[in-house]
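These notes concern the structure reproduced below.
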Amino acid sequence: MEYTSPTFNDKCYELLKNVPKGSVTTYKIIARALNTNAYRAVGNAMKRNQNLLNVPCHRVVNSNGSVGEYILGTEKKIEILKSEGIEITNGKIVDFNNRLFKF
DNA sequence: CCCTTGACCAAAC
DNA sequence: GGTTTGGCCAAGG
């Protein structure tokens, strides 16, 4: 029985589970949703996440609309996003602002 | 407590 | 448009 208070990483993961297929969010939005500005820490959390089946970290992109990195590689990330119905041109999300999930 | 590491960001050049 | 620069904050050593 471990009553360890949830780490920042865990909060990121829980939040991310709310993002539906076909939508994306950004590192900054996640940080803001957690009432902080630790964008970089969010990125770190994603990198440490190995539970890809439960946490859709491929739906987290950069604020400028570019896809960003991924544990399996950017190309793989793009591939997955496209399979979920998101258009990507030249490494950028098409209609980015309209694809963003608002918490 | 200090230092380093980031799947980042925004502004500046 | 790209690249550089400074800043941001949590986590781990």
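Residue numbering restarts at 1 for every chain, and letters A, B, ... go by the order of the sequence lines.
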Has A:Lys92 got a side-chain atom pairing as donor or acceptor with A:Val67's backbone, closer than 3.5 angstrom? no
Partner residues of A:Glu75 under the salt bridge (charged side-chain N to carboxylate O under 4.0 Å, His left out) criterion, sequence neighbours left out: none
Residues passing the side chain to side chain donor-acceptor pair (under 3.5 Å) test with A:Asn90, sequence neighbours excluded, are none
Selection: residues 24-32 of chain A, any non-hydrogen atom under 4.0 Å of DNA chain B: A:Tyr27, A:Lys28
Enumerate donor-acceptor pairs with a distance under 3.5 Å from any side-chain N or O in residues 19-48 of chain A to protein atoms, sequence neighbours excluded.
| unit_1 | atom_1 | unit_2 | atom_2 | d |
| --- | --- | --- | --- | --- |
| A:Thr26 | OG1 | A:Lys28 | N | 3.4 |
| A:Thr26 | OG1 | A:Ile29 | N | 3.0 |
| A:Thr36 | OG1 | A:Ala38 | N | 3.4 |

State which residues pass side chain to side chain donor-acceptor pair (under 3.5 Å) with A:Asn97; sequence neighbours excluded, sorted by chain then number. none
Would a distance-only check, ignoring hydrogens and angles, find a side-chain to backbone donor-acceptor pair under 3.5 Å from A:Thr89 to A:Val94? no
At a cut-off of 3.5 Å, list every protein nitrogen or oxygen paired with a nitrogen or oxygen from nucleotides 9-13 of chain C, distance to 0.1 Å.
| unit_1 | atom_1 | unit_2 | atom_2 | d |
| --- | --- | --- | --- | --- |
| C:dA11 | OP1 | A:Phe8 | N | 2.7 |
| C:dA11 | O3' | A:Arg48 | NH1 | 3.0 |
| C:dG12 | OP1 | A:Arg48 | NH1 | 2.8 |
| C:dG12 | OP1 | A:Arg48 | NH2 | 2.9 |

Ordered by number, residues from residues 57-66 of chain A within less than 4.0 Å of DNA chain B (heavy atoms) are A:Cys57, A:Asn62, A:Ser63
Where at least one partner belongs to residues 72-103 of chain A, residue pairs that pass ring-ring contact (aromatic ring centres under 6.0 Å, His included), sequence neighbours excluded: A:Phe101-A:Phe103
Output all residues satisfying side chain to side chain donor-acceptor pair (under 3.5 Å) with A:Ser66, sequence neighbours left out; order by chain, then residue number. A:Asn62, A:Asn64
Sorted by chain and number, sequence neighbours left out, salt bridge (charged side-chain N to carboxylate O under 4.0 Å, His left out) with A:Lys102 holds for none
Listing, residues 79-87 of chain A side-chain donor-acceptor contacts under 3.5 Å, not counting sequence neighbours, or none:
| unit_1 | atom_1 | unit_2 | atom_2 | d |
| --- | --- | --- | --- | --- |
| A:Ser83 | OG | A:Ile80 | O | 2.5 |
| A:Glu84 | OE1 | A:Arg59 | NE | 2.9 |
| A:Glu84 | OE2 | A:His58 | NE2 | 3.0 |
| A:Glu84 | OE2 | A:Arg59 | NH2 | 2.9 |

Which residues, if any, of residues 67-89 of chain A bring a heavy atom under 4.0 Å of DNA chain C? none
Rounded to the nearest 0.5 Å, the CG atom of A:Asn54 sits from the CG atom of A:Leu16 at a distance of 11.0 Å
Donor-acceptor pair, A:Lys17 side chain versus A:Pro56 backbone, under 3.5 Å? no
